[in-house]
Novice: 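My questions will all concern the structure given below.
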Amino acid sequence: MPELPDVEAFREVLATCGQGRRIEGVEVRDESVLHGIGVRRFVRELEGRRLRAPRRHGKWLLGGTDGPTLAFHFGMTGELRCTRDAEPGTYDRVLIAVGGGRCLHYRDQRKLKGLWLLDEAGVRRLLAGLGPDAAAVDRADFDRLLLARRGGLKSALTEQSVLAGLGNLLADEILWRARLHPSRPAAGLGEAERRRLYGALRGVLRTSIDAGRVPPRGSWLTGRRDDPGAACPRCGTALRRGRIAGRGTYWCPRCQPAPA
DNA sequence: CTTTATGTTGCGGG
DNA sequence: ACCCGCAACATAAA
């Protein structure tokens, strides 16, 4: 599930539930979601810390404290919830009690990613490996990264070291809205096409962040991807499906003509 | 049984 | 150096 809009919603959860509060207890129910640290030290380092305003960069959520930073990555199936006296479910891997009966649940079925505990240098190293946040990048930087990129648009948009935050669904949605084929060379776009792409990026992210997810609406390409033989919501042409940059990719062959 | 899944990483090859 | 495809990670569903 998680792409940038989902992680932004988790940031909101962490802020509402935990910001300014002290961590009263930490229960690790599945050690394998912890990275680079064992249970004992993880618990010891966090208990008693006060949570600061959480930050998000791309798909990373950074839960700052008056000590180390708790970094979350949600992989494909992770989520963060704030509960009151709720019994943990099967996939609730880490529970963080923050007082007032509130408890944060890090839930993840597939455990492709997990939690890190980082010092300032660790946070710097993490951010240094990421491109600008897709929701914050300005037009000039966006142009620069496209022009510096060899290879196709789809991989440029989804490569986190180039631009942080977009996943497979959002990339397809943005390219469809901008009427650009996912295999078009990134550096080969004209000025007007880059403007269109940036506009689509802003529009899709705005709507998705407001919704707290990638909206599964019928007027969006995303609403059609599970529907074989589906038609383009704009022109009615049958959508094409293929494997581009290693991911299942959808596009409209009429709205998004293939590169020569 | 096989294929696919909105995540990333590491490896081999062009 | 850069980019691509592919396998791997863990788990469920079609």
Side-chain angles (χ1 to χ4, degrees), chain A residues 1-10 29-36 56-61 71-80 89-94 106-116 118 125-131 133-135 144-176 181-188 201 204-205 207-209 211-217 220-230 239 241-251 259:
Chain A
M1 186 221 314
E3 300 191 43
L4 187 155
D6 307 275
V7 181
E8 182 60 22
F10 300 149
R29 310 180 83 236
D30 186 336
E31 187 173 359
S32 64
V33 300
L34 302 187
H35 294 265
R56 180 195 57 74
H57 191 99
K59 298 169 189 170
W60 286 89
L61 176 59
F72 300 77
H73 195 296
F74 298 93
M76 282 174 67
T77 52
E79 51 185 312
L80 186 67
T90 314
Y91 303 128
D92 287 326
R93 313 294 186 179
V94 177
Y106 176 76
R107 174 179 298 189
D108 189 9
Q109 178 195 104
R110 286 172 65 182
K111 300 185 287 184
L112 289 168
K113 286 286 154 181
L115 308 182
W116 284 252
L118 305 174
R125 243 176 289 126
L126 171 64
L127 295 177
L130 297 170
D133 184 79
R144 269 193 282 279
L145 63 86
L146 285 177
L147 292 168
R149 179 82 182 172
R150 255 139 308 102
L153 280 177
K154 173 98 181 213
S155 78
L157 291 183
T158 53
E159 177 65 54
Q160 302 299 298
S161 59
V162 173
L163 183 65
L166 302 183
N168 197 31
L169 266 52
L170 283 174
D172 281 3
E173 191 68 42
I174 290 164
L175 289 169
W176 174 73
H181 191 282
S183 294
R184 287 280 300 278
L201 170 84
V204 167
L205 279 181
T207 308
S208 300
I209 288 171
R213 57 190 295 205
V214 183
R217 296 197 309 221
W220 284 41
L221 192 67
T222 290
R224 311 288 177 100
R225 36 169 62 225
D226 296 324
D227 179 5
L239 293 175
R241 178 186 197 291
R243 204 134 192 113
I244 296 178
R247 317 295 300 188
T249 302
Y250 287 77
W251 70 95

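Here the structure is a predicted model, which is why all the values come from computation and not from measurement. Proteins get letters first, then strands, A, B, ... in listed order; numbering begins at 1 in each.
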Novice: Say whether, by atom type as modelled, one donor and one acceptor occur between the side chain of Arg93(A) and the main chain of Asp108(A) under 3.5 angstrom.
Specialist: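 It does hold such a pair.
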
Novice: Using whole Å, what does the distance between atom P of nucleotide dG7(B) and atom CG of Leu170(A) come to?
Specialist: 8 Å

Novice: Looking only at side-chain N and O atoms, does Lys113(A) come under 4.0 Å of OP1 or OP2 in dG7(B)?
Specialist: no

Novice: Can you check whether Lys111(A) has a side-chain N or O nearer than 4.0 Å to OP1 or OP2 of dC9(C)?
Specialist: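 Looking at the OP1 and OP2 atoms of dC9(C), neither is under 4.0 Å from any side-chain N or O of Lys111(A).
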
Novice: Give me the distance, rounded to whole Å, that separates dG5(C) from dT4(B) when you measure between the P atoms they each carry.
Specialist: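 So the two P atoms sit 15 Å from each other.
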
Novice: Could you please name the option among dT6(B), dT8(B), dG5(C) that lies closest to any side-chain atom of Ala245(A)?
Specialist: dG5(C)

Novice: Tell me which nucleotide, if any, is Watson-Crick or G-U wobble paired with dA13(C) when both distances must be under 3.5 Å.
Specialist: dT3(B)

Novice: What is the distance, to the nearest angstrom, from the CZ atom on Arg241(A) to the P atom on dT6(B)?
Specialist: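 It is 8 Å, rounded to the nearest whole Å.
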
Novice: Are any side-chain N or O atoms of Gln160(A) and backbone N or O atoms of Leu166(A), one a donor and one an acceptor, separated by less than 3.5 Å?
Specialist: yes

Novice: I want to confirm an ordering. Mapping Arg247(A) and Arg149(A) to their closest nucleotides on DNA chain C, which one lands closer to the 5' end?
Specialist: Arg149(A)

Novice: Between dT8(B) atom P and Glu3(A) atom CD, what is the distance in whole Å?
Specialist: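 For the pair Glu3(A) CD and dT8(B) P, the rounded distance is 9 Å.
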
Novice: Which value, in whole Å, describes the distance between the C1' atoms of nucleotides dC3(C) and dT6(B)?
Specialist: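 It works out to 23 Å between them.
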
Novice: Look at the side-chain N and O atoms of Tyr91(A) and state whether any lies under 4.0 Å from the OP1 or OP2 oxygen of dT11(C).
Specialist: no

Novice: Taking the side chain from Arg149(A) and the backbone from Pro185(A), do they hold a donor-acceptor pair closer than 3.5 Å?
Specialist: no

Novice: Take Phe72(A) and Phe10(A) through the test ring-ring contact (aromatic ring centres under 6.0 Å, His included) and record every step on the way to the result.
Specialist: CA-CA 10 Å; Phe72(A) 300 77; Phe10(A) 300 149; 9.0 Å; no

Novice: Can a donor-acceptor pair be found, under 3.5 Å and without considering hydrogens, that links the side chain of Asp92(A) to the backbone of Gly89(A)?
Specialist: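 Side chain of Asp92(A) to backbone of Gly89(A): a pair is present.
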
Novice: Do the side chain of Arg110(A) and the base of dA12(C) come within less than 3.5 angstrom through a donor-acceptor pair of N or O atoms?
Specialist: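 For Arg110(A), whose side chain was compared with the base of dA12(C), there is no donor-acceptor pair (under 3.5 Å).
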
Novice: Do any side-chain nitrogens or oxygens of Ser155(A) fall under 4.0 Å of OP1 or OP2 in dC4(C)?
Specialist: yes

Novice: Return whichever of Gln109(A) or Ala156(A) has its heavy-atom-nearest nucleotide of DNA chain C closer to the 5' end.
Specialist: Ala156(A)

Novice: Should Arg150(A) be listed as having a side-chain N or O under 4.0 Å from OP1 or OP2 of dG14(B)?
Specialist: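 It does not, given that no N or O in the side chain of Arg150(A) lies less than 4.0 Å from OP1 or OP2 of dG14(B).
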
Novice: Within the structure shown, what part of the strands sits under 4.0 Å from Gln160(A) by heavy-atom distance: base, sugar-phosphate, or nothing?
Specialist: sugar-phosphate

